[in-house]
Amino acid sequence: MCALADIPDGGAHEVVATIDGAPESLLLLRRGALVRAYFNVCPHAGRRLDWAPGRFLFEQGHLVCAAHGASFSVPDGDCVAGPCRGQRLSEVSIEVHDADVVLA
């Protein structure tokens, strides 16, 4: 999918991966060596989280949905504020091998 170095520490990186035969936009969130992957979809209204393809908003260390302002903790994907508080992003299984992030 990508190199670990492509994901800014404390930030996000978008990749497109084939899941169940279809291309999907995935959001990779990183804190240090810990990386988690999620579908690039806000649980509130089913819209993409980025404000432009691959461009994400952050405020006080939280990922912010560009559509309705929901805030998600990094890297665990829990919604901590906004219209979907208490929900979480839908996770995709990944593994980090050496310096590469791959689907599990």
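In this text the structure is predicted, and so the values were computed from the model without any measurement.
- Residue L103 is grouped with residue L4 when hydrophobic side chains (ILVMFWY) are merged at heavy-atom distances under 4.5 angstrom, including chains of intermediate members.
- Partners of H44 under the ring pair (Phe, Tyr, Trp, His ring centres under 6.0 Å) rule, at least two apart in sequence or in another chain, are H68.
- The stretch residues 41-53 participates, sequence neighbours left out, in these salt bridge (Lys or Arg N to Asp or Glu O under 4.0 Å) pairs: E14-R48, R48-D50.
- The list of salt bridge (Lys or Arg N to Asp or Glu O under 4.0 Å) pairs with a residue in residues 78-90, not counting sequence neighbours, reads D78-R88, R88-E91.
- With R36 contributing its side chain and L29 its backbone, the two residues share no donor-acceptor pair below 3.5 Å.
- Atom SG of C65 is separated from atom CZ of F56 by 10.5 Å, given to the nearest 0.5 angstrom.
- Residues I7 and R30 approach most closely at O-NH1, 2.9 Å, considering heavy atoms.
- Put simply, V74 and V80 are part of two different groups of oily side chains (I, L, V, M, F, W, Y) that touch within less than 4.5 Å, one to the next.
- Note on F72 and L34: separate hydrophobic clusters, where clusters join Ile, Leu, Val, Met, Phe, Trp and Tyr whose side-chain heavy atoms are under 4.5 Å apart, directly or indirectly.
- Looking at residues two or more places apart in sequence or on another chain, you find a side-chain contact (heavy atoms from CB on, under 4.5 Å) between D6 and C2, A3, H13.
- Nearest heavy-atom pair across L89 and V41 is CD2-O, 3.7 Å.
- Sorted pairs that involve residues 94-104 and meet salt bridge (Lys or Arg N to Asp or Glu O under 4.0 Å), not counting sequence neighbours, are lacking altogether.
- Both V96 and V15 are members of a single hydrophobic cluster when ILVMFWY side chains are connected at heavy-atom separations under 4.5 Å.
- The cluster map of Ile, Leu, Val, Met, Phe, Trp and Tyr, joined by side-chain heavy atoms under 4.5 Å apart, puts I94 and I19 in the same cluster.
- Shortest non-hydrogen contact noted between A37 and L28 is CB-CD2, 3.3 Å.
- For A5, the side-chain contact (heavy atoms from CB on, under 4.5 Å) test picks out no residue, with sequence neighbours left out.
- Contact record, F39 with L26: CD2-CD2, 3.8 Å, taken as the closest heavy-atom pair.
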